[in-house]
Amino acid sequence: MDDAKILALFAERDERALKALREKYEPLCMTVAYNILGNREDAEECFCDAMMHLWEAIPPAMPDSLGAYFLTAVRNAARNRLSMACTQRRGGGQLTVAIDELSETLPSSEQPDRIIDSIAIRDALRRFLQTLSPDARSIFVRRYWLCLSVQEIAEDTGCSAARVGMSLSRTRKKLKAFLKKEELL
Amino acid sequence: MNMQEYFEIMDAVSERDLADIVSGSRLRHSPQEQEDIMVRKSHHTGRKMTAAIACAAVLLVGGGLAAGAAANWDSGAVFSHFFMHPSEEPVDYTAYAALGRDVGETLDFGDFQITVDSVMTDGQQVYVVYEYTMPDGEKLFPGQQLERMDLGIQFWVIDPNDRNDRGALGARGILMDEDESGVVHAVNGIWLEEGYSIEGKSLWLRCANVTAFNGDETLDHTYPEQELLIPLDGTGISVLHGDADFEEAYMSGTGHASAVQISALGFRLSFDTLSEGAWAQQEASDFSAYDVGGNQPENRTLTAVYADGTEVTLSGDWSDMTYGNKQEDGSTLMQGEYQLSFNRPLSLDGLTAVRYNGTEITVG
């Protein structure tokens, strides 16, 4: 079912909207929740929380991209669940690996004399992402926003795992150079 | 960087990028569903599985293999991450091994054994047919809930008198599956540099560790390194060649197909030039060889045509490799190849042509 029809069902308060939403977006969204939380039950609860969030938000909200809107809701639910569990907890599975990978590229608050300015780095990252090719940006976002594993990205995009790994490695190097130029490193 | 900082920084990602990703996503199963499917295939149907293992253009190959002898040792789950593209057809390893020169040498680490059955080469790749046996992987990491496991094997082609003389571009897993007794069979290929002679050279196989992931951390089990040196003289197998001359889709661009090669093990379609739009052309030019892996188009067909009119549809795992060849004037000539590794050896007796996507090419 296309997004316009699903949104129409939401607008009509027809619960088939939830079934259609699950059928269409469950593989990707559950993968993201699972990779952030590292736990199937927690991921399922976040997925359901996000569906309820959409049920309450639409209407009046009418997102341009239902998929992106739902994916963001799932990720935010997973993020909040982690925050509630423990503010310093590093999450599970792929999230931990993703943070570790980027920690070598981004400024660290654990370094002496360094107070991390998340807002400045976020703005710089936003500009940096626009400099990347669509392929490289898509792979980077899948890895570090969606927390997909390299193998999952390969499956999701149809690229080889080697190509994904190479692209990520190259993008991290470019990002490091970009942040240095911006005097954020 | 803590988790909160990480999420704040990653808020830089735009909704537009997410929309593109969601609309283009090819994932069809959640992680748990995927695991359930793989375990079901491994343990309930008893069907063999094949994996094309993508590996970067380096010579380290992590081959995840296992045996299922112990009651609680669920190798199908632990190694399911390698079975992303399971083949419906079993792989005939016995026939594969019979093509090459017998080796029969074993590296015994106590907890597991690696036995090289045979080695062969078609002039462009060295193929290694080997088995791996791990009676109980849980003994290696007691008390751990293992999500996945990797075996670190390195394959090199070297001059035994000068181990720094290495003529290989990259290595990869080609075929792999687990039989009913829990022994894992695998074929790895090692790409040779163009024009590299294997005369007097040896295959160098090394292994010293097993790593596993329990969901939170990577666990490592290290052993004293063991190695095998296997002479490659006399391991050549028959190869047929043909000329091609047509344009073919290549990544997001096109390539000019100029030659084919077929052996009992596989088929290769070579591209002497790639268009400007071929994927990662600029990035690939930074490397002498780039991108080994699972480009798995659904619409490629290949048929072997014999003199007596017999035709055999060939199946297996497709892969691709892109080269950035530096020219004397400093420019980079982009070239590449598509390969199909057959699930079972092909007879070359009476083979006169191959038909690739409807284009018939004479070979000899």
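We name chains A, B, ... by the order of the sequence lines, and we start the count at 1 in each one. The structure presented is a predicted model; accordingly, all values stated were derived computationally and were not measured.
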Looking at every non-hydrogen atom in both residues, tell me the closest pair between [X] and [Y] and how far apart they are.
{"X": "B:Ala19", "Y": "A:Ala68", "result": "N-CB, 3.7 Å"}
{"X": "A:Arg79", "Y": "B:Asp11", "result": "NH1-OD1, 3.3 Å"}
{"X": "B:Val22", "Y": "A:Gly67", "result": "CG1-CA, 3.5 Å"}

Approximate separation, where rounding is to 0.5 Å, of [X] [atom1] and [Y] [atom2]:
{"X": "A:Ile99", "Y": "B:Met10", "atom1": "CD1", "atom2": "CE", "result": "9.5 Å"}
{"X": "B:Leu18", "Y": "A:Tyr69", "atom1": "CG", "atom2": "OH", "result": "13.5 Å"}
{"X": "B:Ser25", "Y": "A:Leu148", "atom1": "OG", "atom2": "CG", "result": "8.0 Å"}

Any A:Ile121 side-chain heavy atom under 4.5 Å of B:Glu8 side chain: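 Heavy-atom side-chain distance check fails, nothing below 4.5 Å.
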
Within-4.5 Å side-chain heavy-atom neighbours: B:Ile21 and A:Ser138: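 B:Ile21 reaches A:Ser138 side chain to side chain.
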
Option in A:Leu102, A:Thr72, A:Asp3, A:Asp64 with maximal non-hydrogen atom pairs under 4.5 Å from chain B: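 Greatest number of close heavy-atom pairs with chain B: A:Leu102.
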
For residues 4-15 of chain A, tabulate all N or O donor-acceptor pairs below 3.5 Å that involve a side-chain atom, not counting sequence neighbours.
residue	atom	partner	partner atom	Å
A:Arg13	NH1	A:Phe10	O	3.3
A:Arg13	NH1	A:Trp55	O	3.2
A:Arg13	NH1	A:Ile58	O	2.7
A:Arg13	NH2	A:Trp55	O	2.7
A:Asp14	OD1	A:Arg16	N	2.9
A:Asp14	OD1	A:Arg16	NE	3.3
A:Asp14	OD2	A:Arg16	NE	3.1
A:Asp14	OD2	A:Arg16	NH2	2.7

Heavy-atom neighbours of A:Arg127 CZ exceed 12 at 6.0 Å: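 Atom CZ in A:Arg127 is packed in, count exceeds 12.
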
Quick one: what part of [X] sits under 4.5 Å from any heavy atom of chain B, side chain, backbone, both or neither?
{"X": "A:Leu71", "answer": "side chain"}
{"X": "A:Arg137", "answer": "side chain"}
{"X": "A:Tyr25", "answer": "side chain"}
{"X": "A:Arg75", "answer": "side chain"}

Intermediate values then yes/no, salt bridge (charged side-chain N to carboxylate O under 4.0 Å, His left out), B:Asp17 and A:Arg126: CA-CA 11 Å; B:Asp17 284 332; A:Arg126 183 174 292 135; over 6 Å; no

Side-chain donor/acceptor of B:Tyr6 to backbone N/O of A:Tyr144, under 3.5 Å: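 Yes, the answer is positive, given that a donor and an acceptor are paired below the 3.5 Å cut-off.
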
